[in-house]
Structure formats: structure tokens, C-alpha cells
Participant: 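Dropping the structure in here first, questions after.
Reminder, nothing fancy here: chain letters follow the sequence lines and each chain counts from 1. Bear in mind that the values here come from a model prediction, so they are computed numbers and not experimental data.
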Amino acid sequence: MKIIQQQITEDNRQFIMSTTKRPVGKSSTSIASKIRKKLDSSDVHSDSKTIKITPKRNEEQSIKLSNDPNTSKVKQIKETTSATKAFDYTFYNRPCEDLAKALLGKKLVRLSDKGERLCGTIVETEAYLGHPDKGAHSYKGKTNKNEAMFMDPGTAYVYHIHSYCCMNISSKGDGAAVLLRALEPVENIPSMIKLRQKRTPGKPFKSHELCNGPSKLCLSLDVTKDQINKDDMTKSTKIWIEDGDEIKPDRIVHCKRVNINYAEEWIDKPLRYYIQGNKCVSKLDKEAEKQCNMYIM
DNA sequence: GAGACGATTCGG
DNA sequence: CGAATCGTCTCT
């Protein structure tokens with residue numbers, strides 16, 4: 001058993017050293033969960049050979065203060081975490097429809113277990129408003145499953161659908177959240193292809209096919225309910241939003257949301273938004289684009 | 001513990 | 001356009 005550690009206290013180091021000799025029959029996963037309990041401020045990931053500990057933001061601060069900022073280790077941590085670039089609470093704390101539009105052009109960054117940035121530009125979103133929006137999971141109120149929708153703006157809400165995941169970000173408003181429907185892949189595209197190929201081995205993927213759907217983007221960026229649901233994206237070291245391209249309002253198509261046939265009078269509300277002409281959008285709405293073009297002229 | 005269902009995806 | 005496939009909810 002090998003331990004990779006970036007920053008832990010002397011007390012915790014002692015605890016970890018005592019667990020490095022793995023008893024026969026004890027899995028690395030159970031040891032990882034023991035460490036996770038002890039280090040409640042750290043993210044602990046394990047496989048059969050290693051345990052990896054990623055510092056959370058408060059620990060990054062202490063690293064910065066206690067180390068020479070020019071050392072390569074500190075530099076590396078700075079580059080791979082959200083410390084400087086992640087949007088804060090004020091970005092997310094706005095009405096759902098505003099956040100859905102504001103997210104277009106911004107970058108979604110997922111720092112993988114290997115410390116690699118999986119990143120794409122958001123090109124399509126949907127707003128789900130909470131009660132009385134009959135399309136929203138939160139329409140009937142808070143449950144175990146949808147609790148993240150009621151948490152602070154900037155909280156990730158990840159749910160399962162037909163054995164896939166979809167990802168939302170909570171906005172201002174009770175039970176309101178924005179569904180991320182499509183990304184244009186930007187960084188480490190070969191790694192995203194590998195992640196997609198876990199499901200469909202051997203299939204070749206063009207870049208624009210990787211994240212052109214709400215579950216496809218979760219597969220490509222390794223967004224799972226286990227890892228990401230209820231994560232605070234203003235503080236998370238696993239997932240956050242960074243600034244990206246400026247999108248002019250007249251390039252945003254407003255149209256009906258997808259696959260909410262049960263939502264009655266809410267079916268036709270124009271709560272889906274996408275960047276006109278972007279190749280990664282999951283479904284085009286030609287009628288809505290006509291309206292959009294007329295408006296421009 | 002069975003049965004139904006879904007803000008999806010893939011292949012034919 | 002139908003099947004896959006699985007976590008969650010509901011009812012027994």
C-alpha cells in the first residue's frame with residue numbers, strides 16, 4: 001500500500017502511517033473510509049494500490065502560508081485547484097433563468113482523481129424553477145433525492161436517470177437549479193474520450209460528440225452522484241466554474257425544454273438556452289432560431 | 001421484495 | 001423508435 005499525501009498534519013500523518021500495513025482481508029477502500037473519517041476536511045480516494053488525499057481549500061491556504069511560493073509543489077497545487085479562478089457565491093446567487101443564461105460560454109472544470117483538468121465550455125442549459133414549475137424535480141418539495149436543489153446557490157445537484165447521471169447547479173430560489181445539457185470540450189479531450197469509451201468500448205468519438213447531452217457530459221468529465229452531488233462549487237477542489245467566452249444576448253436561443261412531457265402547461269415555457277450555431281448543442285430548435293434571427297434583424 | 005418510472009443514450 | 005439498465009420511490 002502506497003500513500004500519496006499532499007498536506008496533512010503531524011497527528012494525521014501518524015494515523016495514516018499506522019494504517020499503511022494493510023491487514024489481510026481488509027480492503028484498501030475500507031482503509032480509505034477510515035482515513036476519510038479521521039480527515040474530515042480532506043477528499044480521500046483509493047484504488048487497489050494507492051490512497052490519494054486531495055487538500056480542500058482551507059488546507060491550500062495553509063500550504064501557501066507555510067511554504068515558499070516558488071517551490072514547484074506549491075506551484076502545481078495552485079495550477080490544478082480552483083483556488084484562484086472559481087466563481088464565488090455572488091455568481092450563482094441570481095434567479096434561475098439569469099444563471100442559466102450567464103453559464104453559457106463559461107468553463108466547467110472537473111479535476112480528475114489523477115489531478116487532470118477535464119474542461120469544457122457550457123453551450124446549452126435549462127432552467128428548473130422549483131414550485132410551481134411542473135417540470136422540476138423539486139416541484140412537490142424537498143426529498144432526500146432532490147435536497148441539493150434546495151441548498152445554497154452554487155451547489156451541484158447530480159441525479160440518476162436510466163443508469164446515467166445528469167448535473168445541475170443550484171441557483172437563487174427555493175428548489176431552483178440549472179441543468180447543464182451540453183459542453184464544447186476544451187482541455188484534455190483524449191481523457192474524455194477514454195471516459196466515454198468505458199461505456200461504449202472501441203467507439204470513435206469526434207470532439208463535438210463527447211458532451212452533446214446532459215449524461216454524455218457527465219460521462220466525459222467523470223461526474224458521478226457519489227463524487228459530486230451536494231458539492232459546493234464555490235469551494236470544491238473537484239468541480240467548479242471559471243470565466244470563459246463572452247456570449248452576446250442575441251446569440252442565445254430561447255426554446256422549450258427537452259423530454260418533460262409530463263409538465264403540462266410548463267412543457268412549452270422557453271426555459272432552455274443554447275448558443276446559436278454551436279456544433280455541440282444536443283438538439284436544435286429551428287423554429288426558435290427563426291424567432292431569434294427575426295429579433296436580430 | 002416486487003413493480004413502476006425516468007430532465008437519457010444507443011443501435012437498428 | 002424500442003431496448004437497455006439501475007437508483008429511487010411506493011406499496012405490500
Participant: What residues in residues 138-149 of chain A put a non-hydrogen atom under 4.0 Å from any atom of DNA chain C?
Facilitator: A:Lys145

Participant: Under 4.0 Å from any atom of DNA chain B, heavy atoms only: list the residues of residues 154-164 of chain A that qualify, in numerical order.
Facilitator: A:Tyr159, A:Ile161, A:His162, A:Tyr164

Participant: Which pairs with one or both residues in residues 168-189 of chain A pass side-chain hydrogen bond (donor to acceptor under 3.5 Å, both in side chains), sequence neighbours excluded?
Facilitator: A:Arg117-A:Glu187, A:Glu124-A:Arg181, A:Arg181-A:Ser282, A:Glu184-A:Asn278

Participant: Not counting sequence neighbours, which residues clear side chain to side chain contact (heavy atoms under 4.5 Å, CB included) with A:Glu265? List them please.
Facilitator: A:Lys134

Participant: For DNA chain C, what is the dot-bracket line, given that a base pair needs Watson-Crick (N1 to N3, plus N6-O4 or O6-N4) or G-U wobble (N1-O2 and O6-N3) geometry with both distances under 3.5 Å, and | means paired with another strand?
Facilitator: ||||.||||||.

Participant: Mind listing the N/O atom pairs, protein and nucleotides 1-3 of chain B, below 3.5 Å?
Facilitator:
none

Participant: List for me each residue that meets ring pair (Phe, Tyr, Trp, His ring centres under 6.0 Å) alongside A:Phe87, sequence neighbours excluded, and say none if there are none.
Facilitator: A:Phe91

Participant: Show me the pairs that pass side-chain hydrogen bond (donor to acceptor under 3.5 Å, both in side chains) and involve residues 204-217 of chain A, at least two apart or across chains.
Facilitator: A:Asn212-A:Lys216

Participant: Return a table of donor-acceptor pairs under 3.5 angstrom between the side chains of residues 149-167 of chain A and protein atoms on other chains or two or more places apart.
Facilitator:
{"from": "A:Thr155", "atom 1": "OG1", "to": "A:Asp152", "atom 2": "O", "distance (Å)": "2.6"}
{"from": "A:Tyr157", "atom 1": "OH", "to": "A:His137", "atom 2": "ND1", "distance (Å)": "2.8"}

Participant: Could you pull out all residues at least two apart from A:Asp268 that satisfy side chain to side chain contact (heavy atoms under 4.5 Å, CB included)?
Facilitator: A:Lys256

Participant: Just to verify, what does A:Pro270 make a side chain to side chain contact (heavy atoms under 4.5 Å, CB included) with, not counting sequence neighbours?
Facilitator: A:His254

Participant: What parts of residues 195-207 of chain A reach DNA chain B, counting only heavy atoms under 4.0 Å away?
Facilitator: A:Arg196, A:Lys203

Participant: Under the criterion salt bridge (charged side-chain N to carboxylate O under 4.0 Å, His left out), which of A:Lys269, A:Arg257, A:Lys140 is the partner of A:Asp133?
Facilitator: A:Arg257

